[in-house]
Chemist: 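Before we start, here is the structure in question, set down as structure tokens.
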Amino acid sequence: LLLPGFDAQCPGSGPFRQPEPEFFPCPHCGENVEVWTDELQAPCPKCGTEAFRPRENLCLDWCPKARECVGSEVYTRLKGEQ
């Protein structure tokens, strides 16, 4: 399944094209929080505190074609731009 707007040839867009869940500890209670690879944060199911995905060197941060590759909506949401 490929989402529309994604460049199928770009290996860096894989986590955005085919999102998968990853788990991060809640900063408040330590519960595992499911955050998908196309999201930056999610609420803890136990206490409601937002758990954030660590910001890594994403292609969105350095690739000049990132907005075009992943689509404006995803790019804006993940970069936190208005």
Chemist: Locate the shortest heavy-atom distance separating E39 from R77; write the atom from each residue and the value.
Modeler: CA-NH1, 4.2 Å

Chemist: Could you measure the distance from the CH2 atom of W36 to the CD atom of E20? Nearest 0.5 Å is fine.
Modeler: 8.0 Å

Chemist: Return the minimal non-hydrogen interatomic distance between P43 and V33, and the atom names on each side.
Modeler: O-CG1, 3.6 Å

Chemist: For P45 and E31, work out which heavy atoms get closest and say how close.
Modeler: CG-CG, 4.3 Å

Chemist: Does the side chain of R53 reach to within under 4.5 Å of the side chain of T37, using non-hydrogen atoms?
Modeler: yes

Chemist: Please tell me if the side chains of C26 and C47 come closer than 4.5 Å, counting only heavy atoms from C-beta onward.
Modeler: yes

Chemist: At their closest point, which heavy atom of F23 faces which heavy atom of N32, and how far apart are they?
Modeler: CD2-CB, 4.2 Å

Chemist: Where do V35 and L40 come nearest, in terms of heavy atoms and distance?
Modeler: CG1-C, 4.1 Å

Chemist: Any heavy-atom pair between the side chains of P27 and T49 that's under 4.5 Å?
Modeler: yes

Chemist: For the pair C63 and C69, evaluate side chain to side chain contact (heavy atoms under 4.5 Å, CB included) and give the outcome as yes or no after the intermediate values.
Modeler: CA-CA 9 Å; C63 180; C69 179; over 6 Å; no

